[in-house]
Amino acid sequence: MPELPEVETVKRSLIPFLQGVRIEKAEILFAKIIKYPEPNQFRAKIKGKKIVDLKRRGKYLLFFLEEDLTLVIHLRMTGQLTLCKQDVPVSKHTHLIFSLSSEEELRFTDVRKFGLIYLVPTGEWEGIKGLWSLGHEPLADDFTFEVFRELLADKKGKLKPFLLDQRKIAGIGNIYADEILFAAGLHPLREIQTLKPAELKKLYRAIRSILEESIKNRGTSIQDYVDGRGEKGSFQERLKVYGRKGEACLNCGTQLQRIIVTGRGTVICPLCQGEKYA
DNA sequence: AGTCAAACCTGGGCGC
DNA sequence: TGCGCCCAGGTTTGAC
């Protein structure tokens, strides 16, 4: 579920309620979501620690705790991280509950149990491969057009798989890959090396503008996604291709098509994005 | 280096 | 209602 804009929204919604708050207790209801360390150690180490700060990197959430510990959480497809009162009934799919000094609870809920949770010494991400190997933050100031052009310079392969590769650019998932490609007017199967300078520029601008616009709309809620306060986002109302197979293109009226690109469902406008590459 | 399928899980929607 | 099938926003792994 959550891609960069959703994870960013969760982070922003939690920060004011978590900074300076202490984790009194961790209650583990489904042990397998804790990847490191062992559940008993996890419980013992996190007990009593104050949350100093909260950051996002790609689709990862990083909770910086006292004593140089970092709680790392990836929500994967259906994970939710929500703050609520202690008397709210616990969902069937809640796997981890943190009791906080603020009298609230922070709960991790995940229908598909794909989520990942680690507690590691700050900066020691070597054991968390996905975090360790993340590429550029697409909204960072230093992710300039020059950097982007260099990143694609001698790359082979197709556009959509590249956008989804977290080792190149961090945080883009299936929804935003489709929206970005439509905004740039580029076909997902287009070979990277055939891009003209003007198309590169359009792609770069689309990456930044789509992600920024989604954050402004507090993310995309299709099935499960909610922010840290349980609120849905509204970017799903602004999606132009994702989930609109068979509907009319908002630019030209052509019927949107669904194709498969490296196993991922992909919606395109065959006219605006160049049918010849399909 | 790239490409692809499979695996981890559960639930929703569809056709019959 | 029930069954079987396909689909789902992510990432890793291992084979080619």
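Convention: sequence-line order gives letters A, B, ...; per-chain numbering from 1.
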Cation-pi, A/Phe17 ring and A/Arg229 (6.0 angstrom, 45 degrees)
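Judged by the rule, A/Arg229 and A/Phe17 form a cation-pi pair.
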How close or far is atom [atom2] of [N] from atom [atom1] of [X], stated in whole angstroms?
X	N	atom1	atom2	answer
A/Leu4	C/dG9	CG	P	17 Å
A/Arg167	C/dT13	CZ	P	11 Å
A/Leu163	C/dT11	CG	P	14 Å
A/Ile180	C/dG9	CD1	P	15 Å
A/Ile175	C/dC7	CD1	P	17 Å
A/Lys158	B/dA1	NZ	C1'	13 Å
A/Glu6	C/dG10	CD	P	9 Å
A/Ile172	C/dG9	CD1	C1'	14 Å

What is the nucleic acid contact for [X], judged by heavy atoms within less than 4.0 Å: base, sugar-phosphate only, or nothing?
X	answer
A/Gly173	sugar-phosphate
A/Lys92	sugar-phosphate
A/Gln166	sugar-phosphate

At under 4.0 Å, does any side-chain N or O of [X] touch on OP1 or OP2 of [N]?
X	N	result
A/His74	C/dT11	yes
A/Arg264	C/dC7	no
A/Lys59	C/dG10	yes
A/Tyr242	C/dG9	yes

From the set C/dG9, B/dG2, C/dT12, return the single nucleotide nearest to any side-chain atom of A/Asp224.
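It is C/dG9.
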With distance as the sole test, does A/Asn217 use its side chain to make a donor-acceptor pair with the main-chain N or O of A/Gly219 at under 3.5 Å?
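A pair under 3.5 Å: no.
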For A/Thr266 and A/Arg264, indicate whether the former's side chain and the latter's backbone hold a donor-acceptor pair under 3.5 Å.
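Yes: the side chain of A/Thr266 pairs with the backbone of A/Arg264.
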Would [X] and [Y] count as having a side-chain donor-acceptor pair, cut-off 3.5 Å?
X	Y	result
A/Asp110	A/Gln80	no
A/Ser91	A/Thr109	no
A/Lys240	A/Asn251	no
A/Lys160	A/Thr262	no
A/Tyr176	A/Ser214	yes

Rounding to the closest angstrom, what is the interatomic distance between C/dC3 and B/dC9 at atom P?
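The answer is 24 Å between these two P atoms.
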If the P atom of C/dT11 is compared with that of B/dG11, how far apart are they to the nearest Å?
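Roughly 22 Å separates the two P atoms.
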Over 60° means perpendicular and under 30° means parallel, so tell me whether [X] and [Y] are parallel, tilted or perpendicular.
X	Y	answer
A/Phe30	A/His95	tilted
A/His74	A/Tyr60	perpendicular
A/Phe145	A/Phe148	tilted

Short of 4.0 Å, heavy atom to strand atom, which residues of residues 122-132 of chain A count as contacting DNA chain C?
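Those residues whose heavy atoms fall under 4.0 Å from DNA chain C, taken from residues 122-132 of chain A in numerical order, are A/Lys129, A/Gly130.
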Dump the pairs, protein N or O against N or O of nucleotides 6-9 of chain B, anything under 3.5 Å, distances to one decimal.
| unit_1 | atom_1 | unit_2 | atom_2 | d |
| --- | --- | --- | --- | --- |
| B/dC9 | OP1 | A/Lys32 | NZ | 2.4 |
| B/dC9 | O2 | A/Arg112 | NE | 2.9 |

Given that A/Gly263 and A/Gln223 both sit by DNA chain B, which one's nearest nucleotide is further toward the 5' end?
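Whichever sits nearer the 5' end wins; that is A/Gly263.
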Need to verify one output field. Residue with the more 5' nearest nucleotide on DNA chain C, A/Ser133 or A/Arg258?
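Comparing both residues, the 5'-ward one is A/Arg258.
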Dot-bracket summary - DNA chain B, pairs being Watson-Crick or G-U whose distances fall under 3.5 Å, with | when paired to another strand:
.|||||||.|||||||
Check each of A/Leu96, A/Leu81, A/Val90 against A/Arg107 using the side-chain contact (heavy atoms from CB on, under 4.5 Å) test, and report the only one that passes.
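When A/Leu96, A/Leu81, A/Val90 are each tested with A/Arg107, the side-chain contact (heavy atoms from CB on, under 4.5 Å) holds only for A/Val90.
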Please confirm whether A/Tyr118 and A/Tyr36 have ring centers closer than 6.0 angstrom.
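That pair fails the under 6.0 Å test.
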